[in-house]
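Lettering follows sequence order; numbering is per chain, from 1. All values reported here derive from a predicted model rather than from experimental measurement.
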Amino acid sequence: METGFLQVLLNPARFFEARIRDEPSLKVPALIALICGLIGAVSALIMADVTTAMLPAEMGGLGTLMVVFSTAVAFVGGFLAWIIYGFIFHIISMVFKGQGSLNRTLEVTGYGLIPQVFGGIIGSIFSYYLLSGLTVPAMSSAEEIAAFSEYLVTVLTTDPLAQVAGIVSILFLIWSANIWIFGMKYARNLSTRDATLTVGIPVGIYVIYLIITLIGWL
Amino acid sequence: MKDLKFLVLALCAALALVSPITAAPADITVVSSSLDPQVMMSGDTGTLTIVIQNNGAEPVAIQSARLYGKGVVPTTDPYLSVGEIGGGNTKTFTFTIRADGGEGTFYPTFVLDFREGGSLRHPVAIQVEDTPLSISMVEKPDAFSEGRTAGITVMVGNPRPNAASGVQVVPEGTGFSVTPTTGFIGGLEPDASGSVTFNLAPETETDVTFRVVWRNGINTHTTDLVLPVTFGEDKKRANPVITNVEVTPITGGYRIVGDVMNAGLESARAVMITPGSPAVPIDPFRVYVVGTLDPDDISSFEVTFRADAGVDEVPLFVEYRDDDGNLYTSTTPVGLGGGTVMTPVKEGGSGGFPVLGVVLVILIALGVAGAIYHSWKRT
């Protein structure tokens, strides 16, 4: 159980303490990022389905293209998030004179994405419930499509279900941040305080941004 | 014998001094007679003027002058003591007469009685004809509408052989307003005509009597023309028609865009389009003001409203006015398309907040907090 996923979630300190003794391996973290990407792709598929339904029949080809593109972007987004988080943590940890390879940083960052898998699943379920109750009318003009898009944005920002989904994603992000703190502590040989700052600063900023978005200030 | 001759001469001289030389009655002639009005109507009162002239060199003594006859009778007393009329002079006699005998030509006789005996009789031809002025409707609308002003033109003609004076047309009745209240035409020569136009705005279905009032001499006569006013569909009135309607769900409601076209023959003014109940107009297009739509003109419009779930049809009211400002309203039902309903966002989220979601958030929050607590407890 020292290297199990449950250990990562509930006792990350011990997990990374043990994991640090081995050579860095990105296989499992990449798999976790892949799963995150797949879940994101499913969410994007649900959203793209609604968007495609808005388009006139003669624009069906464009709709298909939009589905493929948005799904691909969401899928790649899982990997991008992993790499971006890793680079940011690695760069910030340099300020605290962190020592350790980038691969190690990416490894611990990847493990920290596990809560995002759960958050992604729950978010996808919320998205499905949110958008499945929406009947998309047939539209023929750009003005109609723009009006419906505006409505869609309003639904996604003001609907209680969407707000619940936002809060859930923030909670899981905080959980990931907790894992990343311990991961960075061991990966970059930081003190607990420095590791907390390394992870807390960017994640805190992002959480604040998400809260502001949820409240509707943006 | 010598005395007798002197006596005769003296008598003759006395006679010559006492009584002047007198002209004979044959020298008196009627030189003219005139009647006002020239042609009377039954019951009319007229003025007959007769002028006589003494064509002789000596004056003629006239005892009396009178007029008598049947059908046309004098209403004034005869001249009982006229006196002498000098040589070459004229004298005028005026009689007021009344036509009592119906239509026809009458010949009342003018009689002059001379003081020295004998008389002059002169029949005067007087024509009596009852033909009235004619009145006809030249222009009127196909149908009347309540409160809508309609132009009505009345023509008055004079088929009589003499002129009519002071001709005017007076609309009479109730349940309408009209301008002008009286149409004045004035004098009408024989075979002449005159027109007058009225703007009539009926308030109820009624009969409008156009009364032609005129004078024949000093006698006032009337002729009526009755115009029944019944309400009906004006075939020329504006007819705004809504076409090319598109219903689009928007945030919290619907948007209807379409075209409104005037399929009538008259202009529709101040055209406004608004959704009616059960729809509730909302911004930004609670009402769309099109303005004036001439015949065959077309204009686009846009209205926004909200409607409760289950409403599948709402009326669109088109309000417009005619040139006189009368308001008209037409209604066009518009289907909302059933499946195109976009559920309006619940305001403030009250009543629609998912309890299950809140519970889930709380559980996840507790789980995450527990996991974080657990992870830090072990360090």
**Asked** When you look at B:T332 and B:V245, which way does the side chain to side chain contact (heavy atoms under 4.5 Å, CB included) test go after all the steps?
**Response** CA-CA 11 Å; B:T332 303; B:V245 174; 5.9 Å; no
**Message:** Counting only non-hydrogen atoms closer than 4.5 Å, does A:I179 touch chain B with its backbone (N, CA, C, O), its side chain (CB onward), both, or neither?
**Reply:** neither
**Item:** Chi angles and distances behind the salt bridge (charged side-chain N to carboxylate O under 4.0 Å, His left out) call for A:E17, A:R14
**Value:** CA-CA 5 Å; A:E17 190 180 12; A:R14 178 165 298 181; 5.5 Å; no
**Asked** Nearest 0.5 Å, what's the CZ-CZ distance between A:R193 and A:F96?
**Response** 6.5 Å
**Item:** Centroid-centroid under 6.0 Å between A:W180 and A:F16 rings
**Value:** no
**Message:** Report which part of A:L171 has an atom under 4.5 Å of a heavy atom belonging to chain B: side chain, backbone, both, or neither.
**Reply:** both
**Request:** Measure A:F118 against the heavy atoms of chain B and call it side chain, backbone, both or neither at under 4.5 Å.
**Result:** neither
**Item:** B:V257 backbone acceptor or donor facing B:E246 side chain under 3.5 Å
**Value:** no
**Prompt:** Between A:I170 and chain B, which part of the residue has a heavy atom less than 4.5 Å away: side chain, backbone, both or neither?
**Reply:** neither
**Complete:** Checked A:N178, A:I122, A:I181 vs chain B; the most non-hydrogen pairs under 4.5 Å come from A:N178
